**Student:** 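Okay, here's the structure, questions in a sec.
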Number of protein chains: 2
Amino acid sequence: MREGFKDLQGGLFASVHKADVGNAVSDLMKRGVDLMCWADPFFPDLVIPQNVKQSVIDSIDKGMATHYTMPIGNSDLKQAIAVKLKEDNHMNVDPDRNILITPGSDSGLMFAMMPFIGEGDEVLIPAPSYPSNFLNPKLLGGIAVPVPLKEENNYQIEIEEFEKRVSPQTKMVLLTNPNNPTSTVLRRDSLEKIATFVIEHDLVLVVDQAFEDAIYDDIEFVSIATLPGMWERTISVFSISKGMGLSGFRVGYLVADDKIIDVLYGCTVNVIGATNTSAQIGAIAAMKDRSFVKEYNAIFDRRRKAVYEIMNSIPGVSMAMPESGFLSWVNISKLGTSAEISKYLIDHANVVVNEGTPYGVGGEGYIRIVHGCYKDDNVLYAALERIKQALIQLDIDKGVAAHG
Amino acid sequence: MREGFKDLQGGLFASVHKADVGNAVSDLMKRGVDLMCWADPFFPDLVIPQNVKQSVIDSIDKGMATHYTMPIGNSDLKQAIAVKLKEDNHMNVDPDRNILITPGSDSGLMFAMMPFIGEGDEVLIPAPSYPSNFLNPKLLGGIAVPVPLKEENNYQIEIEEFEKRVSPQTKMVLLTNPNNPTSTVLRRDSLEKIATFVIEHDLVLVVDQAFEDAIYDDIEFVSIATLPGMWERTISVFSISKGMGLSGFRVGYLVADDKIIDVLYGCTVNVIGATNTSAQIGAIAAMKDRSFVKEYNAIFDRRRKAVYEIMNSIPGVSMAMPESGFLSWVNISKLGTSAEISKYLIDHANVVVNEGTPYGVGGEGYIRIVHGCYKDDNVLYAALERIKQALIQLDIDKGVAAHG
Ligand SMILES: Cc1ncc(COP(=O)(O)O)c(C=O)c1O
Ligand SMILES: Cc1ncc(COP(=O)(O)O)c(C=O)c1O
């Protein structure tokens, strides 16, 4: 077995704490706890936009659901995505030459990295970030080089930290923007620094924009591929799982220059096969009428403010206001380690949240709470209230507040 | 860019002849030709078993279609697959420890190989076989080593051919059984030779059983993982795309020993993400009542005999009786190269068939005809008749028959 795989554990022989691996989550659900660790909007309640629902059902009822689409994707979907890219991302792309549909963006991320990362190649990855980012290079024989982001700097780019870590083996920068778990949006200034760095060192950039749909407080969102000199060296990774709430559909897409896409087209069958046919038809409907995304954002906007109030009212706990999406990144370092607190919350608040440590350097001392769960705000608020009471109790038990 | 990707072409800058890449197929469809090159049962007509259809629609209408399943797969589906594996494959597996659901078997195949194949590793692959097999090792930095199979030996294993090619770099044997394009079923004897070889040389075996559902003439079908000593070193790759005709659902599954599966579980999110939720629910229905597969097989059985008659009645053309599935592997070497003949058939019979060459060593001089296309036998037979007339004319034009 190859080096990068040797130490992997999936939970069959040792207990594994990553919430998204193996049967850990379903086992916890069976125990009846509230899952606030699953970045899947409204989970476990059913929410599906009417237009999407109808088009998917039609595709099964009288359409082509049982048949393959082109491996590279349904061309009507690519057309609809090109329109969205123009409107939302200010990217002008040719749907037949710059877009590749993938079965979700997880496999899309891996596919985007494969042609560039091999034995000994290094990938610079701001941290904390999406856990897959740190394992992906290793699976390709390469090395993940975390570049610490700081909370006090609102998790923006300090380019000196990149300069310190770049080496002749560096091949790629892997960005998650907006970031998961911090929900922070990289400002134009941060992205320009990265762009200059990537061009100077002749690197490839992969940017995961899975959380781009919901940005609050009029923060400017910049797709880094639109910065000068970046189009030819950027692969942008997108998903309909997060802002569109269509996680179970497993549809994502890659956008890049045609020289890169030609290579990916040339091995699409090998790496990803093709994407589910009726899900692509549903995605067309979703792209064409994105009004439901605005409704979702209003819900998440309201909720983020509530979580912010509640968490910051707990002694020893703090969080910044989420800038995007439906994730809260909560500093619990005064109360314990992220492993201790998440374990404690299962036992004392009947909720599962994410430990901060899988998000890499800078994750210890934090928990991630998915406040996008449940359809009904009140179910969420009740769970948050239980978290609050449990942590207040813990604070008292530990005497943290008393000690200052 | 890595070595294995450098020469890949997806059709944007040069015309690419692989039927399953890029827009080649959709471009041909627009021209109104009959597609007999797409291994997708009944394409382009809609055929979906009633039980599958209803369960998928329900999952969208009132179920969990928008939510992720566990990345490793819906556990009810894994239960249903375990029952099928017992009944059809004589494999006794623990659904929670030996099965991993994948978004189709193409990505499943790649995933099965990834932990084992890296820089310089060699993979022995009987040829002709599924085109992806020869590119996959290259994409992982390894080397595909084709091992020729011979028509006169009914494409069975000659183990001397493997012995000649094994080296210290050999890590894996990659089998496709039943084979695509030849449709041949490896007999117990062939599989026992391979098993002994794999064990002696301490290799891993990946076997792609995508076409296992339809085997004719009571030929014994053996799942190689059931042979002594093979369970621990075999990853079996399955699909619902072929025999079940649910290609657009994108559901496949890997079956292996729990030591291997634990590693795969540990990076499932990274490599494949998760599989479409409602397609998995449809797959449960399909697994639980597989009677429709028998109906499909009766259709394909009838058709293979018709193709066999028609092809062997053309001067200079021959084929063996298909042993499985819905593929005809036709020897046209007396009339021209596989590129010439397939081009000729587009122009003179208005059909697209597959050239033999992408199937590797032994593919030149053959074309592959997918006789599983269309719902109505008569549409297929009409297309076959056009092929016959066109090839008879070609034979006359070239004077092949006259020359003997
Ligand atoms: C940052 C980020 N990228 C990508 C993904 C994968 O999403 P999907 O494969 O559903 O598109 C996730 C899911 O949690 C994510 O958080
Ligand atoms: C031999 C073989 N294996 C695997 C596949 C991939 O099938 P899927 O990804 O639809 O499961 C195919 C499709 O043509 C095939 O012919």
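Predicted model only: the values in this text are computed from it and were never measured. Order of the sequence lines sets the chain letters (A, B, ...), proteins ahead of strands, with each chain counted from 1.
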**Student:** Please find the pair of heavy atoms, one from A/Leu46 and one from B/Ala65, that lie closest to each other, and give the distance.
**Tutor:** CD1-N, 4.4 Å
**Student:** Is the backbone of A/Gly11 close enough, under 3.5 Å, to the side chain of B/Asp262 for a donor and an acceptor to pair up by distance?
**Tutor:**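 Indeed, once roles are kept as given, a pair shorter than 3.5 Å links the two residues.
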**Student:** Show the nearest heavy-atom pair for residues B/Trp38 and A/Pro71, with the distance to one decimal.
**Tutor:** CH2-CD, 4.1 Å
**Student:** Between A/Met1 and B/Phe116, does a side chain to side chain contact (heavy atoms under 4.5 Å, CB included) hold up when you go through it step by step?
**Tutor:** CA-CA 5 Å; A/Met1 197 165 289; B/Phe116 302 100; 3.5 Å; yes
**Student:** About how many Å separate CE of B/Met64 and CD1 of A/Ile48, when rounded to the nearest 0.5 Å?
**Tutor:**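 That separation rounds to 12.0 Å.
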**Student:** Could you measure the distance from the CE atom of B/Met244 to the OG1 atom of A/Thr66? Nearest 0.5 Å is fine.
**Tutor:** 13.5 Å
**Student:** Write down the atom of B/Leu12, the atom of A/Asp96, and the distance for their closest heavy-atom approach.
**Tutor:** CD2-O, 3.6 Å
**Student:** Are any of the side-chain heavy atoms of B/Tyr265 and A/Gln9 separated by less than 4.5 Å?
**Tutor:**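 B/Tyr265 vs A/Gln9: side chains apart.
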**Student:** To the nearest 0.5 Å, tell me how far A/Lys138 NZ sits from B/Cys267 SG.
**Tutor:** 10.5 Å
**Student:** List the atom of A/Phe5, the atom of B/Met114, and the distance in Å for their closest heavy-atom pair.
**Tutor:**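 Here A/Phe5 and B/Met114 meet closest at CE1-O, 3.6 Å.
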**Student:** With chain A as the partner, which of B/Asp106, B/Leu8, B/Val271, B/Asp40 has the greatest number of non-hydrogen pairs under 4.5 Å?
**Tutor:**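 Most heavy-atom pairs under 4.5 Å with chain A: B/Asp40.
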**Student:** Within this structure, what is the CZ-OH distance for the pair A/Phe249 and B/Tyr68, rounded to the nearest 0.5 Å?
**Tutor:**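 So the CZ of A/Phe249 and the OH of B/Tyr68 are separated by 13.0 Å.
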**Student:** What's the shortest heavy-atom distance between B/Gly266 and A/Leu135, and which atoms?
**Tutor:** O-CD2, 3.9 Å
**Student:** Hey, could you give me the CD/CD distance between A/Glu119 and B/Glu3, rounded to the nearest 0.5 Å?
**Tutor:**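 One gets 14.0 Å once the value is rounded to the nearest 0.5 Å.
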**Student:** Going by residue number, which parts of residues 274-282 of chain B are within reach of chain A, meaning a heavy-atom gap below 4.5 Å?
**Tutor:** B/Ala274, B/Thr275, B/Asn276, B/Thr277, B/Ala279
**Student:** Just so I understand: if I count every heavy-atom pair under 4.5 Å between each of B/Leu109, B/Val204, B/Asp258 and chain A, which residue has the most?
**Tutor:** B/Asp258
